[in-house]
Peer 1: 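Here it is: the structure, laid out below.
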Amino acid sequence: MQEKGEPGRIQELYLATLLIVSAKLLSLLPLVGLICPPIGLLWSTHLSWAVSATLLAYLTYPALSDFLSGRPRETGYVILTVFAVIYLIYGVFYVRTTLLHGDEPQFLMITQSLLRDGDINLANTESEDHLEYHQVKEVRPHKAPASPEGKLHNTHPPGIAALVAPAYWVGHRLIGHPRLAVCLFLALAAAVGVFLIYTLLRKAPFDPVVSVIVSATAGLSPLLFIYSNQIYPDIMALAFFIPTLIATVDRHPARGNCVYVGFAVLA
C-alpha cells in the first residue's frame, strides 16, 4: 500500500481536528447531553491528551517508523532505562510519603521470618520485630486455618516473600531500610515488565511505532505506574509470564521443547 505523502497527512489532521472541535461545540447545545450523554466525554482531560498525542503521532509516523525500524534493540533499552528511572524516583517518593498498607506488611513479615529463622512460622514473631520494616508494631499476621499445631502460618503464599528476600537483606544490612530496598527492587521489575511488553509486541510483530506507544502507555497507566513499587505479587507475575508469551509468538527452530516447557513452568 502506498504511503501517504506529507500534505495528505496534514489535510487529514485538519479534517480530524475540525471534526473533534465541531463535536465539542455540538455538545454545548441544549438537550444534546440528554440525547447523547457520552458526548460529554469529549471534554475529558484524558481524552484531550490522548487525541493530541494521537494527532502528533500520526503526523510524525513516517519519520518515527523509519527511525525505529532499524533500532529495535536500542529502542527497547531506552524504554527500559526511562521507565527504570521513572519508577525508581517514584518509588523513593512513595516510600518517604506513605505507610505500608493492605497486605504489604504480611509479605514482609514472611520475608523477615525466612531470613531470620529459615521458615514461614510466625509464632515467634514479636511486635518489636515489625519495626524493622514498618513504622508501627501493632501488626497481626493473617493466620492460615490449616496452620500446624503450635505454629502460625500466613494465609498469603510465601512466593513473593521469598523473591524479595535478597533485596530485603541488602536493604537491612546496607541502608537500614528493607522496605525501601524491596520497593526499588519491584520498581526495577516493573520497568523490566514494560520492556517485555515492548519486546512481545515487536516479536508479534507489530509496527515499531505502535509497539513503543502501546508499551509506553501501559507503563504510564495508573494500574501499572501506581503499583510499580507496592509489595504485591502482580508485578513479578507480569515479569515472569510475558517471556512465555514471547516464546510462544517467536518460536525459534534452535530452541528445544525443554525451553518452552521451562517458560511454562516459570509462568
Side-chain angles (χ1 to χ4, degrees), residues 80 83-84 86-88 90-95 98-122 125 129-130 132-136 139-147 151-172 177-200 215 218-248 260-267:
L80 175 62
F83 277 95
I86 292 175
Y87 288 161
L88 288 174
Y90 175 64
V92 173
F93 168 80
Y94 185 84
V95 171
T98 64
L99 295 176
L100 285 170
H101 62 281
D103 293 330
E104 288 185 295
Q106 303 297 320
F107 293 116
L108 287 185
M109 71 173 63
I110 301 174
T111 302
Q112 185 187 61
S113 179
L114 287 171
L115 291 172
R116 285 188 176 185
D117 309 323
D119 58 33
I120 60 173
N121 179 26
L122 303 176
T125 300
D129 295 335
H130 303 312
E132 183 175 286
Y133 55 84
H134 205 351
Q135 284 87 348
V136 298
V139 182
R140 295 182 179 180
H142 296 167
K143 183 178 179 179
S147 297
K151 296 184 178 181
L152 196 164
H153 290 174
N154 205 298
T155 57
H156 302 281
I160 183 63
L163 286 172
V164 301
Y168 186 104
W169 184 88
V170 170
H172 179 55
H177 203 319
R179 180 201 172 190
L180 175 61
V182 170
C183 287
L184 296 184
F185 172 75
L186 291 174
L188 288 175
V192 171
V194 178
F195 168 76
L196 290 174
I197 292 172
Y198 165 79
T199 304
L200 173 63
S215 56
L220 294 174
S221 64
L223 188 60
L224 183 54
F225 183 86
I226 293 176
Y227 285 90
S228 61
N229 57 70
Q230 297 191 29
I231 307 169
Y232 294 99
D234 307 80
I235 293 297
M236 297 304 299
L238 180 71
F240 280 166
F241 187 73
I242 295 182
T244 307
L245 298 178
I246 294 174
T248 302
Y260 297 101
V261 173
F263 276 126
V265 172
L266 181 66

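In what follows, residues are counted from 1 in the order of the sequence shown. Below, all heavy atoms of this structure are taken into account, side chains as well, without hydrogens, waters or symmetry copies.
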Peer 1: Taking salt bridge (Lys or Arg N to Asp or Glu O under 4.0 Å) as the definition, give me every residue that meets it alongside D129, ordered by chain and number, with sequence neighbours left out.
Peer 2: R116

Peer 1: For residues L100 and H134, report the shortest heavy-atom separation together with the two atoms involved.
Peer 2: CB-CE1, 3.6 Å

Peer 1: Mind checking side-chain contact (heavy atoms from CB on, under 4.5 Å) for L114 and listing every partner two or more places apart, or none if nothing turns up?
Peer 2: I110, I120, A161, A162

Peer 1: Would you give the length of the straight line joining atom CG of D117 to atom OG1 of T125, rounded to the nearest 0.5 angstrom?
Peer 2: 7.0 Å

Peer 1: Closest approach of V136 and H130, non-hydrogen atoms and distance?
Peer 2: O-CB, 3.8 Å

Peer 1: Are F83 and L224 packed together at the side-chain level, in the sense that at least one heavy-atom pair is separated by less than 4.5 angstrom?
Peer 2: no

Peer 1: Of the non-hydrogen atoms in Y90 and S228, which two are nearest, and what is the gap between them?
Peer 2: CD2-OG, 4.0 Å

Peer 1: If you compare all heavy atoms of F240 against all heavy atoms of L163, which two are closest, and at what distance to 0.1 Å?
Peer 2: CE1-CD1, 3.8 Å

Peer 1: Evaluate Y168 against E132 for side chain to side chain donor-acceptor pair (under 3.5 Å), listing each step before the verdict.
Peer 2: CA-CA 10 Å; Y168 186 104; E132 183 175 286; 2.5 Å; yes

Peer 1: For residues I231 and D103, determine if any side-chain heavy atom of one lies less than 4.5 Å from a side-chain heavy atom of the other.
Peer 2: no

Peer 1: Please check: side-chain N/O of T111 versus main-chain N/O of A165, any donor-acceptor pairing under 3.5 Å?
Peer 2: no

Peer 1: How long is the span from the CG atom in L180 to the OH atom in Y94, to the nearest 0.5 Å?
Peer 2: 13.0 Å

Peer 1: Say you draw a straight line from CG of D119 to NZ of K151; how long is it, rounded to the nearest 0.5 Å?
Peer 2: 7.0 Å

Peer 1: Is there a donor-acceptor contact under 3.5 Å from the side chain of Q106 to the main chain of H156?
Peer 2: no

Peer 1: So Y133 and M109, do their side chains get closer than 4.5 Å, heavy atoms only?
Peer 2: yes

Peer 1: Nearest 0.5 Å, what's the CE-CZ distance between M236 and F185?
Peer 2: 4.5 Å

Peer 1: What are the two closest non-hydrogen atoms of S147 and A144, and how far apart are they?
Peer 2: OG-O, 2.7 Å

Peer 1: Could you tell me the separation between the SG atom of C183 and the CD atom of E104, rounded to the nearest 0.5 Å?
Peer 2: 6.0 Å

Peer 1: Which heavy atom of P141 sits nearest to which heavy atom of L122, and what is that distance?
Peer 2: CB-CD1, 3.7 Å

Peer 1: Report yes if the side chains of F107 and P233 come closer than 4.5 Å at any heavy-atom pair, otherwise no.
Peer 2: yes

Peer 1: Please output the side-chain donor-acceptor pairs of residues 189-200 that fall under 3.5 Å, not counting sequence neighbours, one pair per line with the distance.
Peer 2:
residue, atom, partner, partner atom, Å
Y198, OH, P72, O, 3.0
T199, OG1, F195, O, 2.9

